[in-house]
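Dumping the structure here so I can ask a few things about it.
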There are 4 protein chains.
Amino acid sequence: MPKLGMEEIRKEQVIKATENCIIEKGLSNISIKDIAAEAKLSTGIIYHYFKNKDDLLLQVLKEAFRKSHEQVMQTVEPIGDSVVKLKKHIEYIHAVPKDNPEFYAVLMSYLGEAQHNPKVKKIIALFFKNLRSYIVHYLSKNTSQAVGIQDRSRVELLAAMMIGLGLGIGIQWTIEPDFLNLEQLTVDFQDVLGGYFSRSPTADG
Amino acid sequence: MPKLGMEEIRKEQVIKATENCIIEKGLSNISIKDIAAEAKLSTGIIYHYFKNKDDLLLQVLKEAFRKSHEQVMQTVEPIGDSVVKLKKHIEYIHAVPKDNPEFYAVLMSYLGEAQHNPKVKKIIALFFKNLRSYIVHYLSKNTSQAVGIQDRSRVELLAAMMIGLGLGIGIQWTIEPDFLNLEQLTVDFQDVLGGYFSRSPTADG
Amino acid sequence: MPKLGMEEIRKEQVIKATENCIIEKGLSNISIKDIAAEAKLSTGIIYHYFKNKDDLLLQVLKEAFRKSHEQVMQTVEPIGDSVVKLKKHIEYIHAVPKDNPEFYAVLMSYLGEAQHNPKVKKIIALFFKNLRSYIVHYLSKNTSQAVGIQDRSRVELLAAMMIGLGLGIGIQWTIEPDFLNLEQLTVDFQDVLGGYFSRSPTADG
Amino acid sequence: MPKLGMEEIRKEQVIKATENCIIEKGLSNISIKDIAAEAKLSTGIIYHYFKNKDDLLLQVLKEAFRKSHEQVMQTVEPIGDSVVKLKKHIEYIHAVPKDNPEFYAVLMSYLGEAQHNPKVKKIIALFFKNLRSYIVHYLSKNTSQAVGIQDRSRVELLAAMMIGLGLGIGIQWTIEPDFLNLEQLTVDFQDVLGGYFSRSPTADG
DNA sequence: GATGAATGAGACTTCATTCAT
DNA sequence: CATGAATGAAGTCTCATTCAT
């Protein structure tokens, strides 16, 4: 067994176990003992790798966001054309609740904490900010001109709306998966946005 | 101070105190002692009016949703014209994070619980469902024809999107209030929807 | 409603309710609220008639013993002949577990208390003492001579054994009613004692 | 002080402390804090070794019965001759209240619980059953023939009576130790049984 | 590094008792 | 007399954290 590099492996092992526990029992219902049992480790060792429980829970959130970002980079980023990229991104966002429910389980668990825990709030805020920035970035390249949005603040609003819709729909779907057809919604939304884009230039011209 | 006939007043007093505590300290960080202190009552009396802590927390959520529904009825319902109603409703929804941040504090606190607590899940699901139904109902009267949506499932999707966008934007705004201009977003969204509506009939005609 | 005499009626009502609760839930598992509910009274009124819970529980025990004594007086005392009386008394004692299980429920509940509560101990001790005295009394009249027991301490021992056997058998039967045939045991015991009596004089003669 | 391999020692330590508390304050008057203090341990560790208070109290009862059985095996079992064994057993049983008052303190404390706690009831029933079986077993070897009891159910009745008398006398003595002479009673009882045995064959012959 | 026994603060909850009505 | 709301002490149990091994 290698000793070097074990640190990261152990950390990952504990973080994964913690995520599993959160998914299974909820953020406020898990104990260090639960986590240790899930990770098949002793409670003591957890304190060797993490300062305390709060620190561990913070790492779990960070890791969830890191993996989510990674997926976007793999799925959306390779696409060259901005409009296709946008459509793909929308598709991706709306697929998350179904394809990666663990992400929503974690995100929704931490939303309540965010309001009273500055560190959690900061991490979540940064996640949203990065996501918006990414969208703004690829929309600003040339798409916005194509779709007639010259104003940068408009692009930012659009990004916020894209994420907001995805998030709000994802939460509704997580709470009650059967009530709506995610795929249809995605198509419709792409349609609405398409209308908005194609109409806007006309409005100016 | 009277002792009799206080049941409803006391319940309300305890629920309000609990909501305050949730807003101030977070759902998972409050104790019955905190609540009792906030309500200026003894811990024991809380168990006279509520079966246990879970029961109390459930009532708090229900009450938050009840008051929210009441506000919609006061603000949106009186309006006769469906399209105006829709615009007003959108405006109302997007104003909630700023005008009634307590509502978001409560809602976001319970989202994490919903995934592991069937009762919480049920209450939240019902809230969303009722809200969608309400929208569907007034849109189905004559608006949908005006805007060219004959398909009921489309109206439902629209309702889900309206709520989803409001929710997702509200969460982003709650986490980071300064990043976006809620009012501008509201106008933009009304604009997008307006375009969608006015365009759709043409698509059919 | 008569006001005079209500005191005794209320007391009796509360004592009976308490006994029911003890039988149903056990001495250490009942609250004043339980008792009040069973008696269909408020908790407050109980403190009008009894100094406190301990006082009430003491009255319950006393009342159980009083009723038990009353029954012996009705069943055994009328019999004139001492030996027949003795046999009847034995029969009665061994019938109690089956005919009056409430008595055993109460008695066994208080046995544990007796060791640490001087008042309970005193009441139980007095009950046993009176029962023994009663037996000694009627056995001393002429039976003991008939059965050849001149020694008073022997009669007292006999009384203690009679009660002891009844109590020990009663407890075993209460714990596991099906394991033994109370009636057969009664007959056998009467047989053993009969042999003892008829043999003893011979031993002397 | 070692930390590992202490499981059995700790359990025994806590059980002994609990028994002391029961003897000193009564089954229904002891708290986990009392027990922890008596055992010179923290309250938390008790829950490391026992599932909960009920579990601990059950173990205490089991342990008391186990030790009692052990004593019988040491005192009575080695004796070869069945009649001598019987007399020794009677002597032993009647000596328990005086020689091992802790046993009666524990047993009497749990009798009240037995009626509402199936687990307690089961343990006590098993104790009595085993004791009766043991007596029946050695009486059935050859004694019963010697004493003219061919009928097995009679032997079982005899065992029940032996235990019943011991129990009933033990309780009376525990409540009021001075009223009777345990030794004299033992001799008398042996005498009564002796007469029963020696007479029975004659009755048959 | 790794374990898990041990601690003790603090959470939830019950309940005997009081007292305003 | 009678009610039952109210109190607050005390009980059971959990759990983050430490530390001897």
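Please read all numbers here as calculations on a predicted model, not as lab measurements. Here is how names work: the chains are called A, B, and so on, in the same order as the sequence lines, proteins then strands, and each is numbered from 1.
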>> Stem list for DNA chain F, please, built from Watson-Crick and G-U wobble pairs under 3.5 Å and keeping only runs of at least 3.
In response: E:2-21 with F:2-21
> Can a side chain N or O of D/K53 be found less than 4.0 Å away from OP1 or OP2 on F/dT12?
Replying inline: yes
> Taking the side chain from D/Q13 and the backbone from D/A39, do they hold a donor-acceptor pair closer than 3.5 Å?
Replying inline: yes
> Starting at CG of C/N52 and ending at C1' of E/dT18, how long is that distance when rounded to a whole Å?
Replying inline: 13 Å
> Expressed in angstrom and rounded to an integer, what is the separation of C/Y49 atom OH from F/dC1 atom P?
Replying inline: 5 Å
> Between atom CZ in D/F50 and atom P in F/dT14, what is the gap in whole Å?
Replying inline: 15 Å
> Of the candidate nucleotides E/dA16, E/dA2, E/dT3, which contains the atom at the shortest distance from the side chain of A/L41?
Replying inline: E/dT3
> Looking across every strand, which nucleic acid part, if any, lies under 4.0 Å from B/L56 by heavy atom: base, sugar-phosphate, or nothing?
Replying inline: nothing
> Atom CD1 of B/I32 to atom C1' of F/dG11: distance rounded to whole Å?
Replying inline: 16 Å
> What about the rings of A/F103 and A/F127, do their centers lie closer together than 6.0 Å?
Replying inline: yes
> At under 4.0 Å between heavy atoms, what does C/T43 touch on the DNA or RNA strands: base, sugar-phosphate, or nothing?
Replying inline: base
> Between A/K16 and A/E12, is the closest basic N to carboxylate O distance under 4.0 Å?
Replying inline: no
> When you match A/Y47 and B/S42 each to their closest nucleotide on DNA chain F, which lands nearer the 5' end?
Replying inline: B/S42
> Of all heavy-atom pairs between D/E113 and C/S28, which one has the smallest distance, and what is that distance?
Replying inline: OE2-OG, 3.0 Å
>> Rounding to an integer number of Å, can you tell me how far B/M6 CE sits from E/dT21 P?
In response: 11 Å
>> Check the phosphate of E/dG1 against A/H48, side-chain N and O only, distance under 4.0 Å to OP1 or OP2. Yes or no?
In response: yes
> E/dA2 phosphate, OP1 or OP2: any side-chain N/O from A/R10 under 4.0 angstrom?
Replying inline: yes
>> Both B/K40 and A/I45 contact DNA chain F. Taking the nearest nucleotide for each, which residue is further toward the 5' end?
In response: B/K40
